[in-house]
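Below: one structure, written as structure tokens.
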Amino acid sequence: MKNVITYVVIAILLTSCGKKPTFISAEDLKVESVKDSMMFLKMTYVVYNPNTIKSKLKESELKIYYQNSEVGEGFLNEEVLLSPKDTIQIPLNFKVNIKRLSEFYPKLLSSDSSRFDVKSNSKIETVLKTFSAKGNETVYLK
């Protein structure tokens, strides 16, 4: 009986700690610098961790698209601790290729809100396992 309870507890833990964090918003977008044909940005990515145990966001690769064309990439500078059942702000850095983005200047300038798609592939580690979480979020910039 004791072994059955142990297996049930382990099964519950495994299923409760494998959920993808939920995107809430993108905030505090700032241009850090412009060098050659690259624009360097910082942004805060707000996510909710639905898992019931502590997790670590080990790494994250992000690609930024405007009208289905890749215009930049983002990255995480360091591991981020995700508290259980909590919302967290994750600082991210981005590089945007100005030459690629310049193809869309007329549309960007005429629009009061521009839609960017951010596709991510993240590695999340919990006490019991490590898993990948893919995301596809939409960010509107005014």
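Considering every non-hydrogen atom in both Lys85 and Pro50, the closest pair reads NZ-O, 3.2 Å. Closest heavy-atom contact between Asn136 and Lys119: OD1-CG, 3.6 Å. Across every non-hydrogen atom of Ile64 and Glu73, the tightest pair is CD1-N, 4.2 Å. When every heavy atom of Ser55 is checked against every heavy atom of Asn49, the shortest pair comes out as OG-ND2, 3.9 Å. Between Lys54 and Leu81 the shortest heavy-atom distance is CD-CD1, 3.4 Å. The heavy-atom pair separating Thr87 from Val46 by the smallest distance is CG2-CG1, 3.5 Å.
In terms of the salt bridge (charged side-chain N to carboxylate O under 4.0 Å, His left out) criterion, Glu61 has no residue partners (sequence neighbours excluded). In this structure, the salt bridge (charged side-chain N to carboxylate O under 4.0 Å, His left out) partners of Arg115, at least two apart in sequence or on a different chain, are Asp117. Residues satisfying the salt bridge (charged side-chain N to carboxylate O under 4.0 Å, His left out) criterion with Glu27, sequence neighbours excluded, are absent altogether. Residues satisfying the ring-ring contact (aromatic ring centres under 6.0 Å, His included) criterion with Tyr48, sequence neighbours excluded, are absent altogether. The salt bridge (charged side-chain N to carboxylate O under 4.0 Å, His left out) test applied to Lys123 returns no partner, not counting sequence neighbours.
The distance from atom CG of Leu62 to atom OG of Ser122, rounded to the nearest 0.5 Å, is 6.0 Å. The distance from the CD atom of Glu137 to the OG atom of Ser120 is 6.5 Å, given to the nearest 0.5 Å. The NZ atom of Lys95 sits 11.5 Å away from the OG atom of Ser33 when rounded to the nearest 0.5 Å. In this structure, NZ on Lys56 lies 10.5 Å from CG on Leu82, to the nearest 0.5 angstrom. Between Ile88 atom CD1 and Ile24 atom CD1 the span is 12.5 Å, to the nearest 0.5 Å. Taking CD from Glu78 and CD1 from Ile90, the interatomic distance works out to 11.0 Å, rounded to the nearest 0.5 Å.
Tyr45 and Phe40 end up in different hydrophobic clusters when Ile, Leu, Val, Met, Phe, Trp and Tyr side chains are linked at under 4.5 Å. In the hydrophobic clustering of this structure, Val118 groups with Val31; members are Ile, Leu, Val, Met, Phe, Trp, Tyr whose side-chain heavy atoms approach within less than 4.5 Å, directly or through other members.
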| message | Leu101 vs Phe116, test: side-chain contact (heavy atoms from CB on, under 4.5 Å). Steps then yes/no. | response | CA-CA 11 Å; Leu101 194 59; Phe116 289 86; 4.1 Å; yes
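Proximity of Leu41 to Asn93: side-chain heavy atoms (C-beta onward) are nowhere separated by under 4.5 Å. Proximity of Glu79 to Glu125: side-chain heavy atoms (C-beta onward) are nowhere separated by under 4.5 Å. With a 4.5 Å cut-off on side-chain heavy atoms, Asp28 and Lys42 do not count as touching.
In terms of modelled atom types and a separation under 3.5 Å, the side chain of Asn97 and the main chain of Lys99 share a donor-acceptor contact.
The ring pair (Phe, Tyr, Trp, His ring centres under 6.0 Å) pairs that include a residue from residues 72-106 are Tyr66-Phe104, where partners are two or more places apart or lie in different chains.
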